[in-house]
There are 2 protein chains.
Amino acid sequence: MATGRTHRPATRSRGIPEATVARLPLYLRALTALSERSVPTVSSEELAAAAGVNSAKLRKDFSYLGSYGTRGVGYDVEYLVYQISRELGLTQDWPVVIVGIGNLGAALANYGGFASRGFRVAALIDADPAMAGKPVAGIAVQHTDELEHIIESNGVSIGVIATPAGAAQQVCERLVAAGVTSILNFAPTVLTVPDGVDVRKVDLSIELQILAFHEQRKAGEEASENGAPADRAAALAAEAEAAVTGDRKGPDGDLPAVMPA
Amino acid sequence: MATGRTHRPATRSRGIPEATVARLPLYLRALTALSERSVPTVSSEELAAAAGVNSAKLRKDFSYLGSYGTRGVGYDVEYLVYQISRELGLTQDWPVVIVGIGNLGAALANYGGFASRGFRVAALIDADPAMAGKPVAGIAVQHTDELEHIIESNGVSIGVIATPAGAAQQVCERLVAAGVTSILNFAPTVLTVPDGVDVRKVDLSIELQILAFHEQRKAGEEASENGAPADRAAALAAEAEAAVTGDRKGPDGDLPAVMPA
DNA sequence: ATTTGTGAATCTCTTCACAGCT
DNA sequence: AGCTGTGAAGAGATTCACAAAT
């Protein structure tokens, strides 16, 4: 899901699969909940259920970190919380800057899970001079002019881009030039970055479109499985049916003028 | 990344790989940009560059949709926009409800890319009675009591959950009971849903933690490649080094008391 | 009696490389 | 001459199933 380079360019070192890394935060969250309830140990089966994955996968994932379980017993919750935190690099506090303090940027700044667990909002940056000095989530917004200074003096290596799409690439370049090497991009654009910089992308409309695809598929199946689609499904049926049954080869007749922009 | 069932339970039908589906929105966005600049055709190489993927992958992806290109020439932009839109189910308008109109919910409601391209915000729902009637993004917020009524009368099948984590599962169940079959979850919780319901998850802190992992890895490599880590890298080096070199088998000495909650 | 840790089998996704079409 | 479409190879991720450990 990272849009940037494939990563893992230099030393291959001890390679934890990317898919596993992506699940560690999930396990960590489930474990933290158990820890708060003072549960001492947990089996792979239980923890897997809490994290929404299957237990074989969870055990394989943990096997990449080492042998932290006890056969016949399970995993020590506290110990595992520590090991995963350490593996993820959360035993230190990462200063983060958020660029673009619109609706979304403000929402991110206010997001609680941010401040806790390893991350600290070091600065909020916006291009609008009218925003400068305004407090958002208890932090005064600073102007984009300060960007390089902020990054360098705070040793920021993680940046969050919540600007409009048009500004994202430029902001990205300034962040990278100033020393940021990991970017979380909320702007609906593909960012181009040099090697060694990681980009992850969060994109609302992409997620919705993926859901729409499956939703359409469901409507299509419903229609072709039993002949009696209900409610709105009726309206979708014709359209969806066409999509499902349409031949795959070449222009199939009804090319409409243009799509909605 | 869908947290729900693995999907594709019943009719296997014409199976477009999930990884391909996840990239179609990316292609669509790049194509739309080309379309706006009135570019008539595009090669797999060019389009792949614009979408940030490699061209073989793009061609393979398109091959699942059908043979929509012309050898020696490339793809017709308008035609491809239409085909992908249709495949994704965007030739119809999906009514969407957003539940939880806090900072994030408001940001989502205001998000422009929402209204355009296939989705329409049918309602904003919040549990706070004080919010009821307040306009957000030009739409009056409605109280949670209305949830079932809104879903049913608007034929909503896609719901967005932007509530606090504690409320998410309950909201999810009400949405599903009322007829929603696709959920985009912004709350940091694993949602449990019945078969046939799709869940996709957007989780800020997971994304940040994945970045932190790679960031830490970079610091470790830097430290072990050349012996002279600079700036903050120096501070991280000892910690990261320990993580990289620590043996994988069993308790490695210094188990600290507990992690930061 | 349980539950982990992991080879081996399987499935999915990506990349290669080139035949086939325009 | 140029570019698509795709079999085949390769890489990665998931699941199975069971030996090893407590």
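Below, chains carry the letters A, B, ... as their sequence lines are ordered, and counting in each starts from 1. Side-chain atoms are counted along with the backbone in the values below, which use heavy atoms only and exclude waters and symmetry mates.
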Integer-rounded Å distance: [N] [atom2] and [X] [atom1]:
X: B:Y68; N: C:dT22; atom1: OH; atom2: P; answer: 17 Å
X: B:D61; N: D:dT6; atom1: CG; atom2: C1'; answer: 13 Å
X: A:L80; N: C:dT4; atom1: CG; atom2: C1'; answer: 13 Å
X: A:E45; N: C:dA1; atom1: CD; atom2: P; answer: 19 Å
X: A:L58; N: C:dT3; atom1: CG; atom2: C1'; answer: 12 Å
X: A:E18; N: D:dA11; atom1: CD; atom2: C1'; answer: 14 Å
X: A:K60; N: D:dC18; atom1: NZ; atom2: C1'; answer: 13 Å
X: A:L65; N: C:dT6; atom1: CG; atom2: C1'; answer: 15 Å

Compare the minimum distances between each of [options] and the side chain of [X], then state the nucleotide with the smallest one.
X: B:T70; options: D:dT14, C:dT22, C:dC18; value: C:dT22
X: B:R23; options: C:dT14, C:dG5, D:dA13; value: C:dT14
X: B:Y75; options: D:dT4, C:dG7, D:dC16; value: D:dT4
X: A:P17; options: D:dG5, D:dT4, D:dA13; value: D:dA13
X: B:R59; options: C:dC18, D:dT15, C:dT15; value: C:dC18
X: B:Y64; options: D:dC18, C:dT14, D:dG5; value: C:dT14
X: B:R71; options: C:dA17, C:dT22, D:dA19; value: C:dT22

Inset, instruction - First locate atom CD of B:E18, then atom CD1 of A:I210, and finally report the distance between them rounded to the nearest 0.5 Å. - result: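 Going from CD on B:E18 over to CD1 on A:I210, the span is 7.0 Å.
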Legend entry - Sidechain-backbone polar pair: A:Q216 side chain, B:R86 backbone, donor-acceptor under 3.5 Å: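 Side chain of A:Q216 to backbone of B:R86, a donor-acceptor pair under 3.5 Å: yes, one is there.
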Inset, instruction - Report yes or no: does B:S35 contribute a side-chain atom to a donor-acceptor pair with the main-chain N or O of B:L31 at less than 3.5 Å? - result: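 Such a contact is absent between B:S35 side chain and B:L31 backbone.
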Inset, instruction - Inspect the surroundings of CD in B:Q169 and state if more than 12 heavy atoms from other residues, nucleotides or ligands are less than 6.0 Å away. - result: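 Enclosed.
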Legend entry - Residue-phosphate contact under 4.0 Å: B:K57 side-chain N/O, C:dT15 OP1/OP2: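 Result: yes.
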Legend entry - Phosphate contact (C:dT4 OP1 or OP2) by A:S44 side-chain N/O below 4.0 Å: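 Checking C:dT4 against A:S44, a side-chain N or O does come within under 4.0 Å of OP1 or OP2.
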Inset, instruction - Let me know, please, whether B:G69 or A:G72 comes out on the 5' side of the other along DNA chain D by nearest nucleotide. - result: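 Nearer the 5' end of the strand: B:G69.
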Legend entry - B:A56 or A:V73, whichever maps to the more 5' nucleotide of DNA chain C: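 This one resolves to A:V73.
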Legend entry - Distance-only side-chain donor-acceptor flag, B:D61 / B:T20, under 3.5 Å: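 Their side chains do contain a donor-acceptor pair, which is all the 3.5 Å distance test asks for.
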